[in-house]
Amino acid sequence: MSRLRLVVDPVACEAYGYCTELLPELIGVDEWGYPIVSGDPLPEHLVALAREAARQCPRRALALRPTP
Amino acid sequence: MSSPVLWYATRATGMVAMVLLSLTVVLGLLTAARTTGRTWTRFAVADFHRSVSLLAVLFLAGHVLTSVLDSYVHIGWAAVVIPFASGYKPLWVGLGAVSLDLMAAVVVTSLLRNHLRAGTWRGVHWLSYASWPVAIAHGLGTGTDMRADWAWGLTVVCVAAVAGAAVFRLADGARHRARVLGLPAVQSRTPGVNVKRLVPRPPVPVPIATSAPGGVPRAHRH
Amino acid sequence: MPTATDTRVEPLLASWRAAQRRDLATHLAHHGPLSLGDPTWLTRMTKAVDEAGLTGRGGAGFPSAVKHRAARGAAVAPVVVVNAMEGEPASQKDAVLLTCVPHLVLDGAQVAAALVGASAIVACVAADQDVLADALAGAVAERAGTGWSPVPVQLARPPGRYVAGEESALVDWLELGRGAPRFRPDKAVPLRIGRQPAMVHNAETLAHLALIARRGPGAFRGAGTEHAPGTTLVTISGGVEHPGVYEVSAGTPLQEIIALARPGITPAAVLVGGYGGTWIAARHLDVPFAAGPLRALGAGPGAGVLVVLPAGACGLADTARIASYMAGQSAGQCGPCVFGLPAIASDLAALADGRADMALPERLRRRLGLVAGRGACRHPDGVARMVASALEVFADDVALHLAGRTCPGRAHPSVVLW
């Protein structure tokens, strides 16, 4: 387990859905198209993909943050 | 250097660039739409849009290179970026330069997207809506193939595709806007009016002369 | 455990009770002077606040001493923001403080400013509450030039929407004129207005601070319990004969507090905390009104709101009305709140009207889980909590309504204020 978690900025997020397509293992979608992120530490093998998903967000709403 | 090969290359790369550019605009319009397909998901469309745009830039580079290198007509390097500085057909070639300048801004900001402020990239990207029609006009004006039906046909198809995508995008935007405007949070946001106070209550003067047993009366609200 | 009918100590409202006047002279005559300048004062006062165990009275219940420590020692002088917005429709306590004892609130603001070295105080009153703003402005004017206002006080009038009183929304309005709650992934990073850190305090918290400054932590802890010290203001409304604001000791059993307002009939349930609070069933009304005991019931003191649902009224109907109001009060920034709350409200309305479809209970529960924790502020969380508690407390009614019948209480007048 890494010491990183995914955090969505709900104000910036506009439900583009790129992250939910790139990382379905970790990011779910609610019925309105918004991402559901658990906040649990990321598995090591998915960190690179998570970084890519965060980079691709058109509104920069997805971020990797250290676990508290 | 002058050679028919260069001239054919200029025309060919120009036509291909027009098709790719039009496809880029179509994909860009579809990316912004809120509805998403099952296989062609939004990210897939966005990614494809980016790839096609880079390919269009490549063909555009080829088109510019061959047109400048071909000495049959004089188009200097300066005329590539400075509009209307060309010796040959200054107006129509100039429009090409305008389109290229706009496109350059879009491409550079897109490559530097993660380092720019949120609004900057979006603002500049809107220039692409100007860049495309200017490119089409450039093609119609300079295009020596415009006497041929196939060239006209190709141009019409490109314009129709972009127009169709634009209509789809506008309809989708209107549908989304209607959905958002119907939401209670948006409905109730009349500036300065607090929804909770809309129920009228008789005003009571302060200070209160009598005190209810135990509690201070609620009469301080109006 | 304190009881409400013990000689009710009302330190906050005492000066009003005695004289029915709120001017500076009356205030000083009752409470005596407040000295802020003495050099050892800062250390003594900081220790006093810590010992007193004062927690915020605006709804979050955050320990005030911790807030002061965070704001102190910043490179730029902070601003003290007095939150008298009273966004909760069922709360009146801030209104009472401003119209009866404004000088206590202003004293508290000066004490807080001195504790953190603030350069300015901004008192926020909702834009449509002119009566309250005038009362506070009057008090501020009385103090000008008398030496009782070492740190200058300004009045601000943000729009009175529900979320506008949320800490970050208030700062957002003061800084940018918008009033939208801010996403704060790291609460340790302080709120700022420009370069100055902003320390936001509820008006009641400041009033308590003013008393601690004069009488010490011991007097504060003299009321309440060991874990929930001091008195607190509650606003009782709904099925009671004497709705209003009451000052009670923290930890007093709920039913005793409600008894002060003379409920007409035995309450069926009480909504505790605010519109984003929790319904508590009649059989649990012996719970002490304090954070710890209430947490066991999934509730909290919140803004001291107690809405009494009389027996015979329909709890689901009122829950539906509250949910509908809260959906309209969303700031409109975050998808799950903007889309989720109206969906929940419309399902509740269908349930209350007895026209629920069979998929409703599952759909409603799923959505309650979806909206909580996914907004920038805790507005959707409050709604989810309130609705979930309603489904539990009014479970019998839910079964009845799902069967297509509505309970007789449907025609009962609403206890919701609008």
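For clarity, every value in this text was computed on a predicted model and none was experimentally measured. Residue numbers start from 1 in every chain, and the chains themselves are labelled A, B, ... in the order their sequence lines are given, proteins ahead of strands.
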(message) Between C/Pro185, C/Pro181, C/Cys337, C/Ala343, who has the most heavy-atom pairs with chain A when the cutoff is under 4.5 Å?
(response)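 Ranked by contacts with chain A, first place is C/Pro185.
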
(request) Give, as side chain, backbone, both or neither, the part of A/Val8 having an atom under 4.5 angstrom from any heavy atom of chain C. (result)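 When you check distances to chain C, only backbone atoms of A/Val8 fall under 4.5 Å.
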
(message) At a 4.5 Å cut-off on heavy atoms, which part of A/Val7 comes close to chain C: side chain, backbone, both, or neither?
(response)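 When you check distances to chain C, only side chain atoms of A/Val7 fall under 4.5 Å.
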
Kindly provide each donor-acceptor pair between chain C and chain A shorter than 3.5 Å, listing atom names and distance.
residue	atom	partner	partner atom	Å
C/Arg366	NH2	A/Glu31	OE2	3.2
C/Arg367	NE	A/Glu31	OE1	3.3
C/Arg367	NE	A/Glu31	OE2	3.1
C/Arg367	NH2	A/Glu31	OE1	2.7
C/Arg374	NH1	A/Asp30	OD2	2.9
C/Arg374	NH2	A/Asp30	OD2	2.9
C/Arg374	NH2	A/Tyr34	O	3.3
C/Arg374	NH2	A/Pro35	O	2.9

(request) Kindly give the heavy-atom pair with the smallest separation between C/Gly375 and A/Pro10, and that separation in Å. (result)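 Answer, listing the atom of C/Gly375 first, then A/Pro10: C-CG, 3.5 Å.
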
(request) Sort C/Ala180 into side chain, backbone, both or neither according to what part of it lies under 4.5 angstrom from a heavy atom of chain A. (result)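 Neither the backbone nor the side chain of C/Ala180 comes within 4.5 Å of chain A.
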
